[in-house]
Protein chains: 2
Amino acid sequence: MRLTESEWQIMNALWKNHPATAREVADELPDDVDWAYTTIKTMLTRLAAKNAVKEHKRGNMSVYEPLVTREQARRKALRSFLDQAFDGAVGPFLHFLAADKKLTPKQRQQLKQALREEESKSRGKK
Amino acid sequence: MRLTESEWQIMNALWKNHPATAREVADELPDDVDWAYTTIKTMLTRLAAKNAVKEHKRGNMSVYEPLVTREQARRKALRSFLDQAFDGAVGPFLHFLAADKKLTPKQRQQLKQALREEESKSRGKK
DNA sequence: GAAAACCTACTACAACTGTAGAAGTATGTC
DNA sequence: GACATACTTCTACAGTTGTAGTAGGTTTTC
């Protein structure tokens, strides 16, 4: 279940605040996304068809709820990205990432910190 | 200039070995990609239209050459991914990545190592 | 209770994607 | 030189995506 670019916009809005009506989703969309109300409805309907969201009727109105978590969607997207751009190989990707000139020292620091946290977490479990 | 999934296949093949004829590209494609020769030609033509590859005539035949590097394409793709799934924020992504349960200890090690290398490299430049 | 404002479902439609066939032309082979 | 091969360009066509209009029902508002 792959999200298209527009679908990500909708889902991002929905993850921020849900359950939500189409109108509420519209309000959460970034300012530069200026879609007709019916466009948003169309998107939500398509997302429901894909089982990415659940549509409930509340009175005469529809309220939407994500069926996939942001985590899950991110994981999927990362996987696709890795498959496409790195033949699915994590190692080369990590190198690519670490070598990224645009990473600030702070971000590098952050990444290392995150890794340390994870390490101690998994040590704890062992 | 965004590559579609099929276009990545073609480009991956072309990066592996170029300049290459359509036939050679076909040979480099993964085994599970079994496209008609004309499909590959179509893709290459479309990629040329997008300026992702350059088509040269060699005699009556076409030879293709990437115009974007794999690096560049990867960077673009990473950027799109980050924008979509993380609002473009690198920090949260790094956390997400470091927290990935599927990272093996070895990969974590690798990532840290890569970071260290980068650090000393940039220290050297300073 | 008629008008305004909103909602829903359905339809539309062009651009892009994935995938390839057809027809024509050049090349290698006996 | 006729036949098989291989290449090229053009055309095709269904499915997906981005984006929205229209028509008809419902709720709110003087």
Side-chain angles (χ1 to χ4, degrees), chain A residues 1-14 18-65 73 76-77 80-81 83-85, chain B residues 1-14 18-65 73 76-77 80-81 83-85:
Chain A
M1 205 271 331
R2 187 165 193 45
L3 298 175
T4 70
E5 201 165 333
S6 305
E7 287 171 347
W8 270 98
Q9 301 282 358
I10 301 282
M11 292 304 288
N12 281 334
L14 198 53
H18 62 91
T21 64
R23 185 74 46 195
E24 287 162 347
V25 167
D27 292 342
E28 288 290 354
L29 287 174
D31 291 344
D32 57 320
V33 174
D34 188 28
W35 289 333
Y37 177 83
T38 50
T39 298
I40 293 164
K41 279 292 280 183
T42 300
M43 283 287 133
L44 284 166
T45 303
R46 287 184 186 171
L47 284 165
K50 293 170 91 170
N51 285 311
V53 310
K54 178 75 187 158
E55 179 171 359
H56 307 268
K57 287 282 169 197
R58 188 162 69 194
N60 63 319
M61 280 176 64
S62 290
V63 185
Y64 301 87
E65 185 80 37
K76 273 271 184 219
S80 293
F81 166 73
D83 285 346
Q84 276 185 178
Chain B
M1 203 274 329
R2 189 165 190 46
L3 297 176
T4 71
E5 201 165 333
S6 306
E7 287 171 347
W8 270 98
Q9 300 283 357
I10 301 281
M11 291 305 288
N12 281 334
L14 197 53
H18 61 90
T21 63
R23 185 70 50 190
E24 286 162 348
V25 167
D27 291 342
E28 287 291 352
L29 286 173
D31 290 344
D32 57 321
V33 175
D34 188 27
W35 289 333
Y37 177 82
T38 50
T39 298
I40 293 163
K41 279 292 281 181
T42 301
M43 283 287 134
L44 284 165
T45 303
R46 287 184 187 170
L47 284 165
K50 294 170 90 170
N51 284 312
V53 309
K54 178 75 187 157
E55 178 171 1
H56 307 267
K57 288 282 170 193
R58 188 162 70 194
N60 61 317
M61 279 175 69
S62 290
V63 184
Y64 301 87
E65 185 82 35
K76 273 273 183 216
S80 294
F81 166 73
D83 286 347
Q84 276 184 177

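Note that these values count all heavy atoms, side chains included, but never hydrogens, waters or copies made by symmetry. Every chain is numbered from 1, with letters handed out A, B, ... down the list of sequences.
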Verify the contact: side-chain N or O of A:Y37 to OP1 or OP2 of D:dG21, cut-off strictly under 4.0 Å; return yes or no.
no
Heavy-atom nearest nucleotide on DNA chain D for A:G59 versus B:V63: which residue maps closer to 5'?
B:V63
Nearest whole angstrom, please: distance from the P of D:dT16 to the CD of A:E7.
11 Å
Rounding to an integer number of Å, can you tell me how far A:R2 CZ sits from C:dC16 P?
19 Å
Can you tell me how far C1' of C:dC6 sits from CD1 of A:I40, to the nearest Å?
14 Å
Distances under 3.5 Å between protein N/O atoms and the N/O atoms of nucleotides 9-13 of chain C, please, pair by pair.
residue, atom, partner, partner atom, Å
C:dA9, OP1, A:K57, NZ, 2.9

Using whole Å, report how far CD1 of B:I10 lies from P of C:dT17.
14 Å
With side-chain contact (heavy atoms from CB on, under 4.5 Å) as the test, would you mind laying out the steps for B:L3 and B:M1 before giving the verdict?
CA-CA 7 Å; B:L3 297 176; B:M1 203 274 329; 4.0 Å; yes
Round to a whole Å and report the spacing from CG of B:L47 to P of C:dG18.
10 Å
Respond yes when some side-chain nitrogen or oxygen of B:S6 is under 4.0 Å from OP1 or OP2 of C:dG18, and no when none is.
yes
CG of A:L3 versus C1' of D:dT17: gap in Å, rounded?
13 Å
Taking only N/O atoms, report every protein-nucleotides 1-3 of chain D pair under 3.5 Å with atom names and distance.
none

Please work out which residues in residues 20-28 of chain B have a non-hydrogen atom less than 4.0 Å from an atom of DNA chain D and list them by number.
B:R23
Check this one for me: any side-chain N or O of B:T4 less than 4.0 Å away from OP1 or OP2 of C:dG18?
yes
What is the distance from atom OG1 of A:T39 to atom CD of A:Q9, rounded to the nearest 0.5 Å?
13.0 Å
Mapping B:E5 and A:N60 to their closest nucleotides on DNA chain C, which lands nearer the 5' end?
A:N60
Distance-only donor-acceptor hits, side chain of residues 42-62 of chain A, under 3.5 Å, sequence neighbours excluded:
residue, atom, partner, partner atom, Å
A:T42, OG1, A:T38, O, 2.8
A:T45, OG1, A:K41, O, 2.9
A:K50, NZ, A:R2, O, 2.6
A:K50, NZ, A:E7, OE1, 2.7
A:K50, NZ, A:E7, OE2, 3.3
A:E55, OE2, A:S62, OG, 2.7
A:E55, OE2, A:Y64, OH, 3.4
A:K57, NZ, A:S62, OG, 3.1

Rounded to whole Å, how long is the line connecting atom CD of B:Q9 with atom C1' of C:dA20?
17 Å
Polar side-chain atom of A:N12 near backbone of B:Q84 as donor-acceptor pair, under 3.5 Å:
yes
Show me the donor-acceptor pairs, under 3.5 Å and distance only, between side chains in residues 18-35 of chain A and residues at least two apart or in other chains.
residue, atom, partner, partner atom, Å
A:H18, ND1, A:E65, OE2, 2.9
A:T21, OG1, A:R23, N, 3.4
A:T21, OG1, A:E24, N, 3.1
A:E24, OE1, A:T21, N, 2.8

Separation of B:M61 atom CE from C:dT25 atom C1', in whole Å?
14 Å
A:T39, nearest nucleotide to its side chain (from D:dT26, D:dC7, D:dA20)
D:dA20
